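The structure appears right after this line, and notes come after that.
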Amino acid sequence: MEEREETETERWRSNLSWRNSWPDYALLVVSGVCALAAAAELGNDEVLRSLRDLSGVTKLVSWAMVLSLSLAFGALSFLFDRRGSASRAWARGWWLFTLQGSLYVLGQADALPLNPHELSRARGVLSTLNDGCFLYSGLLAFDVLRRERWRVVALVLTALATSLGLAVQSRATMLGVPLYRWPDAVFTGVMLAAVAVGYWRLVGVYLHAEVTVERAVRRVRDVLRAHVIVVCVAYALLQFRLAGDTVDALPVADAILSAAMTLVFATTLPATQAARAIGRRIDQRLRIQRERDAKLSAEAQADAERRIAVEADAKAKRAEGRLQGLDRGMTSSSIVFFEEDSQGQLISSNGVERRLFDAANSVSGEAPGLPWSQPAEAQEFRTRVVRDGLAHTRAEMAGASGQRVVVDVTAVRLSDLPPTIQGILTDVTSVDEDARLDATLRDLALDAACDREGALARFLTAVAGALNATSAMLFTSDASGGFLVTRKCVGPHFQIAPSASFPTREVEALAPTVASPRHDGHCVYCDHAAWRAALRPDAPVPRGCLMIPLMVRGLVIAAIWLRFDVPLHQDETRRARLERFAGLVGALLDGMTAPDVEPLLEVLTQFAPSVSGDGLDEALSGLLDRLVSRIGVRRALLMVSESGDRAKRVRIAASHPADAEKPTPCDTDLTSTWNTVAGEAADQVMEPAQEAAAELASRFLSGLSPDPGNLLVRRIGLGATVRAVLLVTDRHDGGGLIPFSRGDATILGEYAALCALMLASVDLNTRVLNRWRYVVHELSSPLVAMRSELERAQKWLARGDLTRTARHLEELDLGSSIQRRMLDTMETFDRNHIPKPSPSPTKIVRDVIAPAKSELLPIFRAYHFSFDDVRIDPRLEYFPQLMVDAELLRTVFFNLLRNAAKYGAEPGKPRRPIEITGQQLKDGEVEIIVRDWGIGIPTGWEQRIWDGGNRADNAVALGVGGHGVGLAVVRRVMRAHGGETMVKNARDPTEIAIVFPSTTVVRGG
Amino acid sequence: MGARAPKILWVDDEMAALSGYEEELRERGFDLDFVDDVDAAIRRVRDGSRSYDLVIWDMAMPVGGVLKPQVSEANGGMTTGRLFHDLVRKERPGIKMLLFTNFRDIVLDWNAPSSGDYALAKRDYKPSRFAEMVQRVVAPAN
């Protein structure tokens, strides 16, 4: 409070100082002198008479009104005007009024050297000036009133007083004072011009709402000041003009002036209010904005600092974890981009590897915090890196703690890379903002080593997200794979399944063009109408798209294509980012498609030819041992199954003794998880559904570690023939997780594929061998029987028993018939022979079925069927004759009945007779059915049994001989006759039908 | 009292084709049990009341019920005899076993007289010659 009073006091002192207020003091002195002189003349009679005659009621009322207003406004200004402007104006008006009155008195007393006209003009000017001062004081008093209510009250009072004065003065004018038209017209015109200018400027206040409160108030005040000045000047001119004619015109001018000023007040006050309101809102908005900006800036900075701290912490932990892993003798696998400075020193940008390179560069070979203390090994490592740059390098050495340390580095010399890739990698590894891209590249590279397809999809998703693309497609073409095009899509526009409509050929044709160095990066997609039409015939033309050629690096051609809803061609920043992303994809693909081919060829050459069915287990173990030693993994398990192994055995090759047996859950967590999953995988490896194995792998991954890099599960399926699961883990029991390098994972995948190929080869060999063994077995049995019967016939002949001799000779003949029939069957099948029938009228039972049944008598006995167990429907005897080749048809029924005998009984169940029935169909065809109650035909085999070379699983499991060609020959013979074969019922009973066309039926036969 | 007739167990699913051999052995005085399924043969081996001097077996036979748990190793019935051989060897270690098979290529592998294993190919032996070989296996000349 004291401080405030002191400030106001100082302001008043400043205002009252001679330097700031000398005009006021001068005016005060002049008016005081004149007042004293006038007071000295008050005793003059002339003066007294003039005052009595000229003033009158009108003059008194007019002056009283002006004085009251001046006093009132002056009082208000004095009370509330903190800046003193209004008070000072009021004081000047009062002094001028005093001066003007004093001049009047002195003029009446002839005390001044002026004639009456000059004196009147001077008084008029002074009167105008004091009126102006009073009015300006009142005007400022309006402005200084803080509350709206007081302002309204002041305005109403002003209006009432002005109206009253106007009425009185108008009345006086009408009573005797003539009107002077042209000065009034000039005065009115000047007033209107002033008001118009003021209004125009007030409109400007509204139009330029960007002003603040201070600026708005200042502008309004300028307007009012201009009004006062103009009005006062015009009024002064009027007074000067009227002087000498009559002083009674003064009240009229005063009334007009008061009315005009009232109007000005009434119109400018709302403008001031509006300006204040606008200004307040603007000020409030600006304040809120400033506060928000400040808050956001603080938060952003804090967030950035927090993120940087978290990333730095995570990076430090990763580096520390790797160092600890190295210290415990684990394998460190990494990708290092390096270059050499002018002194030949190796420079790397990676964290742990940087220290490793420092060690390689140093003379002593030592580096703080790195378990590497052998200078010779460090130098050897350096030599290998320099010599084998852009190659896979593996160094083994003793760590500081005495453990074996394996440093597995894929060192890539930047200068060996194409300029584009150099720029990308240099950029990635040198800019802080792109450090995350570096991490992304490395993560994706590792992911891609295990799951290339998934990595590409994730990468493309990341690219699309970073570029705000609504849709994106990635084509990768690997020349080493015969320009196979891999396509990945994200976004709603490209959720199209691979189908015949996908323009693979166009993409393949376009790949070299896209990858050409001459390609300038413009939108190939837009230019390639055929491709576009084939890709999405119903799609609208994209508003903006871009195809970026990635790289041509020997074997890899890749292209990334994105479609945006906004034009990309003009967006240089986004395009630059896209190109960089594209470069990363190229580097990624390059790493993925550089297989270590030579060792695989070596293994393939070594193992594949030597593997037989019996040696498969040893071969698999050998292969797995080589794999484990090469990759350096802790445990590996290979599980394979062969469809050639009819019993569905799962072969297991394990690098760890605990995994050699069929895995069972045990106590320790890691081993338990491993064994459980391995056991389930062993069971499910036979399942054709890959989803089960995928789910299994996911479960294993989730249970073992969030890092998928430590386990590789490869499922290989070559059709339905061979399935294999390869599980490899590098989990260290007490340490952290070390992901595989991409090179290792590639080799693992190739090894797994090699296993599958080898197994396929073995499976094929086994199947061929088994088939030949079946054939040998089938042909040998009758031969042995024939030799036996021949010897028996000879024996009984020597003993003179001709009856027994004849019987054994008959058996010998049957055996030879069987042998011949089987040879015919195999010959027909093996040469893919289509028999040419020699038709003749044939009775189906007499000429075909009965002889075939007789030939099969030894077979029936071998399978415990008696001759009567094969029952022929008597109605068949009355069937019409058929124009068929009876000899070929005997082969048909030989095979059908032989199959019925072989498979006509399930183990442990009583045998039921084999039935041969038939019917004539409505369209004239003849159908013969062979029915048995045996093991039946499994579901899905209804057609395959006719193809030849296939034996149903239940037939194989039964263990009886057979080579799977009998039914194939049946079908060939029947089709040669224009007929057909079919399975009418698969089981209980099994019904095999052969149908002769109506054309073979002999009419009237 | 004459010498005891040698007891022979013969398991082969192609009994009908081997009737001449069976007849020849019986005429020569062998006490022959001829069964055509592996299950019956295993039951007789495990039956302690009969002590066989020789077990004749075939390589390719239906698997049967006893060996079904090992069906994956039977190779579709083509090597059922091997499983049977291993089982008999396990339960009757000293018994002589003669493989009489259609597969001539495996005969050499299975001829190991020191361990009591013999092998003959069916195609190479008529019934009389086969009976002579069985005689030599059961009662080898000193």
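If you're wondering where the values come from, they're calculated on a predicted model, not measured in any experiment. Letters go in sequence order (proteins before strands), and every chain restarts at 1. Computed over heavy atoms, backbone and side chain alike; hydrogens, waters and symmetry mates excluded.
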Identified side chain to side chain contact (heavy atoms under 4.5 Å, CB included) partner of B/P127 from the options A/R787, A/E789, A/E791 = A/E791
Greater than 12 external heavy atoms within 6.0 Å of B/K126's NZ |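 Count not over threshold, so no.
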Determine the option with the most heavy-atom pairs under 4.5 angstrom with chain A, choosing from B/R123, B/M59, B/K122.
->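 Among B/R123, B/M59, B/K122, the one with the most close pairs to chain A is B/R123.
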Non-neighbouring partners of B/S115 that pass side-chain contact (heavy atoms from CB on, under 4.5 Å), sequence neighbours left out | B/A112, B/D117
Positions in residues 27-46 of chain B that reach chain A, provided some heavy atom is under 4.5 Å away |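 Listed by number, the contacting residues are B/E27, B/D36.
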Largest heavy-atom contact set with chain B, pairs under 4.5 Å, which of A/M786, A/H808, A/K795 |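 The option with the most such pairs is A/K795.
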Name the region of B/T101, side chain, backbone, both or neither, that has any atom closer than 4.5 Å to a heavy atom of chain A.
-> neither
Go through the atoms of B/D58 and report whether side chain, backbone, both or neither lie under 4.5 Å from a heavy atom of chain A.
-> side chain
Taking atom CD of B/E23 and atom OG of A/S788, what is their separation to the nearest 0.5 Å?
->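 Separation between the atoms: 8.0 Å.
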Atom CD in A/E811, atom OG in B/S19: separation rounded to 0.5 Å?
->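 Spacing of CD (A/E811) from OG (B/S19) equals 7.5 Å.
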